Amino acid sequence: MLTRRLTASLLLLLIICLPTFAADQEDPVLRAWSHEIKTGDDGSGQSLNLKITYYSNEYVNALITSEAEKNLWTADEMENYKYTLLKNLNLAECIPFHVDIYVRGMPMYPNPFDKHITLRVGKKTYSPIDYDKRLNFKILGPRDGMVYFPRYDPKTGKEILDGAKDLRIVFDSSVSYALMGKGDILWVWDLTKDRGQIAGGRAADRLEADRLIKRSDKIKADREALQKQLDELNKEYNEVNSRIDELQSN
């Protein structure tokens, strides 16, 4: 039993670090949210494979179920994986994607990577707010990493995907010799097919507790700052009134 639990723990760590690599891509739900394109490969030895996975609600639920069944996890082990996965994805604030790149021939020099990939929702475009910085370095062979876009519009504060029927990722063709003259790459995900919400449970409760603790700490810091400002105003108020009393007594 101890050996099985240790093995499951090691698998959990591996899967969390590489969220899509370990996923069972034979699962039709998992495949449905991953889009791949292969270009080049014209005999010159120059080619580029790109796969992008969108972490939709349906994909996340299917990924959790797939990993739990494959690794024979207990309910607690599945909840721990789910908690860590959802915490790393930060779905409350971000729209996460996983990028897989394989370059043959001339290397790709994507630095800075966030200038070559954009999210389009409706008529608006958005740049990543965070991404795996390994994607900045010269790429020859395989490379993968997470890319996070904002969930809320920075100007309006509204949720970007609210009411949207699809979302699109655009990859700049100038970043690779294999794409030159072929135009930018466009992937489209149909949001109307994203069925259901991410299942709750103890993992959701732990994430909610984390959020509330973070919010509580912020409120405490804001309150302390306001209290300091109030103390300074009270001090000045007392000094002013004291001087008024002094002047009026003369």
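Values in this document were obtained by computation on a predicted structure and should not be read as measured data.
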- Message: Can you give me the closest heavy-atom contact between Met108 and Ser176, atom names plus distance?
- Response: CE-CB, 3.9 Å
- Task: Establish, from distance only, whether the side-chain atoms of Ser127 and Asp114 form a donor-acceptor pair under 3.5 Å.
- Result: no
- Roughly how far, to the nearest 0.5 Å, is the CD1 atom of Ile95 from the OG atom of Ser56? 12.0 Å
- Message: Is it the case that the side chain of Ser249 and the backbone of Glu246 share a donor-acceptor pair, with hydrogens and angles ignored and the cut-off at 3.5 Å?
- Response: yes
- Query: Does the side chain of Ile160 reach to within under 4.5 Å of the side chain of Pro150, using non-hydrogen atoms?
  - Reply: yes
- Hey, does Ile169 have a side-chain heavy atom less than 4.5 Å from the side chain of Leu186? no
- Message: Working to the nearest 0.5 angstrom, can you tell me the gap between His98 NE2 and Tyr55 OH?
- Response: 5.5 Å
- Task: Give a yes or no on whether the backbone of Ile101 and the side-chain of Asn49 come within a donor-acceptor separation of less than 3.5 Å.
- Result: no
- Message: Tell me the closest heavy-atom pair linking Leu191 and Ala164, and the distance in Å.
- Response: CD1-O, 3.7 Å
- Query: So, for Val175 and Asp172, which heavy atoms are closest and what is the spacing to 0.1 Å?
  - Reply: CG1-O, 3.2 Å
- Query: Are Val29 and Leu63 in one and the same hydrophobic cluster, where Ile, Leu, Val, Met, Phe, Trp and Tyr link if side-chain heavy atoms are under 4.5 Å apart?
  - Reply: yes
- Item | Shared hydrophobic cluster, Leu91 / Phe149 (ILVMFWY, side-chain heavy atoms < 4.5 Å) | yes
- Count the heavy atoms of every other residue, nucleotide or ligand shown that sit under 6.0 Å from NZ of Lys115, and state whether that count exceeds 12. no
- Message: Does this structure show an ion pair linking Glu232 with Lys235, if we count only N-O contacts that are shorter than 4.0 Å?
- Response: no
- Does Leu161 share a hydrophobic cluster with Tyr152, counting links as ILVMFWY side-chain heavy atoms below 4.5 Å and allowing steps through other members? no
- Name the orientation class of the two ring planes belonging to Tyr131 and Phe113 (parallel below 30°, tilted from 30 to 60°, perpendicular beyond 60°). tilted
- May I ask you to test the Val147-Pro96 pair for a side-chain heavy-atom distance under 4.5 Å? no
- Could you give me the CA-CA distance, side-chain angles and deciding distance for Arg151 and Glu159, then say whether side-chain contact (heavy atoms from CB on, under 4.5 Å) is met? CA-CA 6 Å; Arg151 184 163 292 274; Glu159 187 170 357; 3.5 Å; yes
- Nearest heavy-atom approach of Val188 to Arg168 is CG2-CG, 3.9 Å
- Message: If you compare all heavy atoms of Trp189 against all heavy atoms of Trp33, which two are closest, and at what distance to 0.1 Å?
- Response: NE1-O, 3.1 Å
- Task: For the pair Lys193 and Glu58, find out whether any cationic side-chain nitrogen is under 4.0 Å from an anionic carboxylate oxygen.
- Result: no
- Message: Show, in sequence, the C-alpha distance, side-chain angles and deciding distance for Gln248 and Asp245, and conclude whether the side-chain contact (heavy atoms from CB on, under 4.5 Å) test is met.
- Response: CA-CA 5 Å; Gln248 289 179 342; Asp245 292 340; 4.3 Å; yes
- Task: Indicate yes or no for a side-chain donor-acceptor contact from Gln46 to the backbone of Arg104 under 3.5 Å, with no hydrogens or angles considered.
- Result: yes
- Message: One thing to verify: whether Asp27 and Arg31 come together as a salt bridge, which I'm taking to mean a side-chain N less than 4.0 angstrom from a carboxylate O.
- Response: no
- Would you check if there is a donor-acceptor pair between the side chains of Thr74 and Asp76 at a distance under 3.5 Å? no
- Here the gap from Lys82 atom NZ to Thr65 atom OG1, rounded to the nearest 0.5 Å, amounts to 9.0 Å
- Message: Could you check whether any side-chain heavy atom of Asp144 comes within less than 4.5 Å of a side-chain heavy atom of Arg134, counting everything from C-beta outward?
- Response: yes
- Item | Test item: Ser66 and Leu30 side chains (from C-beta on) under 4.5 Å apart, heavy atoms | yes
- Task: Mark yes or no for whether Arg143, through its side chain, and Lys138, through its backbone, hold a donor-acceptor pair below 3.5 Å.
- Result: yes
- So does Arg120 have more than 12 non-hydrogen atoms from other groups sitting under 6.0 Å from CZ? no
- Item | Heavy-atom closest contact (Met146 atom, Leu135 atom, distance) | O-CD1, 4.4 Å
- Decide whether Phe137 and Leu140 are clustered together by the hydrophobic rule: side chain heavy atoms of Ile, Leu, Val, Met, Phe, Trp, Tyr closer than 4.5 Å, transitively. no
- Working to the nearest 0.5 Å, report the span between CD of Glu93 and CG of Asn90. 4.5 Å
- Given the rule that I, L, V, M, F, W and Y join up when any side-chain heavy atoms are under 4.5 Å apart, are Ile52 and Val170 in one cluster? no
- Task: Go through the steps to decide whether Cys94 and Ile129 satisfy the test side-chain contact (heavy atoms from CB on, under 4.5 Å), and finish with yes or no.
- Result: CA-CA 8 Å; Cys94 302; Ile129 55 175; 3.8 Å; yes
- Message: Does Glu239, at its CD atom, have more than 12 non-hydrogen atoms belonging to other residues, nucleotides or ligands within less than 6.0 Å?
- Response: yes
- Message: Just verifying a value: how many Å separate Glu224 CD and Gln229 CD, rounded to the nearest 0.5 Å?
- Response: 14.0 Å
- Message: Run the salt bridge (Lys or Arg N to Asp or Glu O under 4.0 Å) test on Lys155 and Asp153 for me, step by step, so that the C-alpha distance in whole Å, both residues' side-chain angles and the decisive distance to 0.1 Å come before the verdict.
- Response: CA-CA 5 Å; Lys155 294 182 179 179; Asp153 189 288; over 6 Å; no
- Item | Ring centre gap for Tyr54 and Phe97 strictly below 6.0 Å | yes
- State, with a plain yes or no, whether a side-chain heavy atom of Ile64 is found less than 4.5 Å away from one of Leu85. yes
- Message: Are the side chains of Pro110 and Asn136 in contact, using a 4.5 Å heavy-atom criterion?
- Response: no
- Can you tell me how far OH of Tyr148 sits from CG of Leu89, rounded to the nearest 0.5 angstrom? 6.0 Å
- Task: Would you mind reporting whether Leu50 and Trp187 have side-chain heavy atoms less than 4.5 Å apart?
- Result: yes
